[in-house]
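As a basis for the values below, the full set of heavy atoms in this structure was taken, side chains included, without hydrogen atoms, waters or symmetry mates. Starting from 1, each residue takes its place in the sequence as its number.
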Amino acid sequence: MGSKKVNNEHEVTVRFRMIRNCMFLSGLSVFAQLYLFQPMLSDLCRSFSITPAESSLAVSASTVGMAVGLLFLAFKADGISREKLMGASLILSSVLTITSAFIDSYFFLLFFNLLKGIVLAGVSAVALAYLSEEVDSSKIGLAISLYLSGNTLGGMSGRVAATLVSGYGGWQLATLVIGIVSLALGAIFCWKIPAGRNFSASMTPFREKMRQMRSLLTQTTFISMYVIAALSMGIFVSVYNYLSFLLESPVFGLPHHLVAMIFMMYVAGIIGSVVAGVLSDRFGPEVLLQGALLLMGVGMSLLLVMKLWAIVLGLGILTFAFFSTHTLASRIVSMHAQHLKSSATSIYWLFYYAGSSLIGSLTGIVLVNSEWFSLMEVLLALLFCALIVSSLFIFKYRLYEKSKVYSHRRYGNNDVRSRN
């Protein structure tokens with residue numbers, strides 16, 4: 001009996017390690033591919049003779065595709081094997097990325113990026129569900145944090161690698177390299193990912209799913225968090241989209257390999273997520289969310305100072321604050337969703353990527369027609385809107401809490417007497 005118990009424990013440990021490592025690799029691949037072109041927008045401008053605003057569509061096309069894919073999979077994902085969907089998404093997206101390295105038409109490049117985003121949604125749509133089903137509750141926190149770390153590290157390493165390789169061999173070579181690496185990661189994932197043991201395919205009727213989504217979109221809590229997610233993500237992507245243009249301009253004149261280092265600031269994002277997660281266990285995430293938004297404002301204000309040290313410091317603060325905001329907003333959605341977590345998080349990601357796509361591209365028009373300072377003024381105005389939304393949410397939340405306390409004081413004793 002003792003040896004069987006030891007063998008079972010060893011099997012569980014090995015299985016957890018394989019799940020953890022595979023999900024980490026999936027995060028690396030997804031976000032390396034999703035934001036592949038963000039550090040190479042200036043290269044696309046030169047290669048296709050387009051404006052910065054038009055070049056930003058290379059990023060937006062992928063995130064629009066992700067939003068479309070997530071919306072579709074919100075209705076279909078529960079009827080498909082989790083690990084098979086993720087594996088197929090990683091392989092097919094890598095093939096699309098490799099193919100896009102040989103495209104000489106900007107229209108078709110955007111089309112392939114759109115398709116890639118739709119395909120990559122297959123991982124994001126079910127990754128957390130797979131972990132929650134297959135990992136023991138005592139280890140789920142570690143597994144999720146490693147998956148999210150893979151997301152962030154993938155975004156960072158993909159951007160840094162793309163900038164460095166494109167600086168020496170052009171955007172096509174950088175795209176090819178990241179596509180091949182992603183294909184290798186996808187192959188390892190398909191080979192090693194354990195089959196789900198606790199998943200049973202089920203399909204929620206379309207009308208019921210629509211009813212759930214309508215109910216979420218009529219509640220102040222969820223609308224507030226969705227708007228904050230869209231605005232904060234749009235601001236964050238806009239800064240990273242266009243900061244390289246400023247750093248490569250005559251104002252700073254930085255070479256490619258130094259511009260690549262700005263994406264190392266994603267480390268601050270990992271720290272921001274962890275700090276926000278820990279603090280939200282002690283304090284209300286609602287108040288912390290407003291503090292994170294204010295901190296984003298501090299970072300953005302430093303980006304108006306035309307000194308390299310101020311730009312670096314401001315970007316670090318902005319990155320830390322954005323990932324804190326994202327962590328807190330998504331936690332609030334999860335806390336309040338109860339039995340509608342799947343629908344609530346799907347809509348959250350939809351707004352998140354929609355904000356990235358729309359704001360990330362439209363703000364490029366401001367940069368083209370004006371200058372860096374005008375762009376930052378627009379982004380600060382959007383942040384102010386997010387702060388107003390968070391203030392209204394906190395005000396209503398506190399009114400709700402006070403009404404609960406009042407109701408308890410007024411009717412609590414009567415309830416006790418009636419039970420007795």
Side-chain angles (χ1 to χ4, degrees), residues 28 31-59 62 97 100-101 104 106 109 113 152-182 236-270 299-300 302-320 322 360 363-364 366-368 370-376 379:
L28 282 174
F31 283 83
Q33 294 185 79
L34 189 64
Y35 291 104
L36 163 64
F37 288 100
Q38 190 176 51
M40 301 190 294
L41 298 185
S42 58
D43 293 308
L44 296 181
C45 287
R46 289 187 288 269
S47 180
F48 294 103
S49 300
I50 54 178
T51 66
E54 291 170 329
S55 71
S56 71
L57 294 175
V59 179
S62 296
T97 298
S100 65
D104 56 6
Y106 190 57
L109 181 65
N113 282 357
T152 308
L153 287 173
M156 179 183 74
S157 58
R159 288 167 170 91
V160 172
T163 308
L164 293 175
V165 176
S166 65
Y168 296 104
W171 69 267
Q172 293 97 335
L173 179 62
T175 303
L176 181 62
V177 168
I178 289 181
I180 291 172
V181 171
S182 296
F236 179 73
V237 166
S238 295
V239 170
Y240 272 94
N241 273 357
Y242 305 118
L243 184 58
S244 60
F245 289 97
L246 175 67
L247 295 177
E248 292 176 7
S249 72
V251 178
F252 292 101
L254 295 182
H256 244 71
H257 65 276
L258 288 182
V259 173
M261 294 302 105
I262 69 171
F263 296 104
M264 297 297 289
M265 284 298 174
Y266 266 60
V267 173
I270 298 174
M300 292 165 67
L302 284 169
L303 294 179
L304 291 168
V305 180
M306 290 294 101
K307 300 289 183 182
L308 189 57
W309 67 265
I311 296 289
V312 172
L313 178 60
L315 189 64
I317 293 173
L318 172 64
T319 305
F320 176 95
F322 165 71
T363 50
V366 179
L367 183 68
V368 171
S370 300
E371 55 183 9
W372 177 256
F373 290 100
S374 298
L375 171 64
M376 293 310 300
L379 296 180

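Inter-residue side-chain proximity for Met261 and Thr163 is flagged as unmet; no heavy-atom pair is nearer than 4.5 Å. For the pair Phe37 and Leu109, the minimum side-chain heavy-atom distance is below 4.5 Å. Between Leu247 and Ser244 the shortest side-chain heavy-atom distance does not fall below 4.5 Å. The shortest distance between side-chain heavy atoms of Phe245 and Ser42 falls below 4.5 Å. Considering only heavy atoms from C-beta on, Val267 stays 4.5 Å or farther from Thr319 through its side chain. You'll find the side chain of Leu302 stays beyond 4.5 Å of the side chain of Ile311, heavy atoms only.
Under the 3.5 Å distance criterion, the side-chain polar atoms of Tyr106 are matched with a main-chain donor or acceptor of Ser55. Side chain of Ser47 to backbone of Asp43: no donor-acceptor contact under 3.5 angstrom is found. Without hydrogens or angle criteria, Tyr242 side chain to Gly360 main chain gives a donor-acceptor distance under 3.5 Å.
Between the CG atom in Leu308 and the CG atom in Leu254 there is a gap of 6.0 Å [rounded to 0.5 Å]. The line from CD of Gln33 to OG of Ser182 is 3.5 Å long, rounded to the nearest 0.5 Å. Note: Phe373 CZ to Glu371 CD = 6.5 Å, rounded to the nearest 0.5 Å. Note that the CZ atom of Arg159 and the CG atom of Leu34 stand 8.0 Å from one another [nearest 0.5 Å]. Atom CG of residue Leu258 and atom CG of residue Leu164 lie 9.5 Å apart, to the nearest 0.5 angstrom. Note that the CG atom of Leu243 and the CG atom of Leu41 stand 11.5 Å from one another [nearest 0.5 Å].
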Next item on the list: For Leu315 and Tyr240, run side chain to side chain contact (heavy atoms under 4.5 Å, CB included): C-alpha distance rounded to whole Å, both residues' side-chain angles, the deciding distance at 0.1 Å, then the answer.
Entry: CA-CA 9 Å; Leu315 189 64; Tyr240 272 94; 3.6 Å; yes

Stepwise side chain to side chain contact (heavy atoms under 4.5 Å, CB included) check, Val237 with Gln38:
CA-CA 9 Å; Val237 166; Gln38 190 176 51; 3.9 Å; yes

Check against side chain to side chain contact (heavy atoms under 4.5 Å, CB included), Glu54 and Leu44: CA-CA 9 Å; Glu54 291 170 329; Leu44 296 181; over 6 Å; no

Verdict with reasoning, Ile270 to Met156, per side chain to side chain contact (heavy atoms under 4.5 Å, CB included): CA-CA 11 Å; Ile270 298 174; Met156 179 183 74; 5.9 Å; no

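The nearest pair of heavy atoms linking Gly316 to Met265 is CA-SD, 3.6 Å. Contact detail for Ser157 and Leu28: the closest heavy-atom pair is OG-CD2, 4.4 Å. Contact detail for Leu173 and Gly169: the closest heavy-atom pair is CB-O, 3.6 Å. Closest approach of Ala162 to Ser166, counting heavy atoms only: O-OG, 2.7 Å. The two residues Ser100 and Thr175 have their closest heavy-atom pair at OG-CG2, 3.4 Å.
Ring planes of Phe263 and Tyr266: tilted class, angle from 30 to 60°.
Other residues, nucleotides and ligands contribute only 12 or fewer heavy atoms inside 6.0 Å of the CE atom of Met264.
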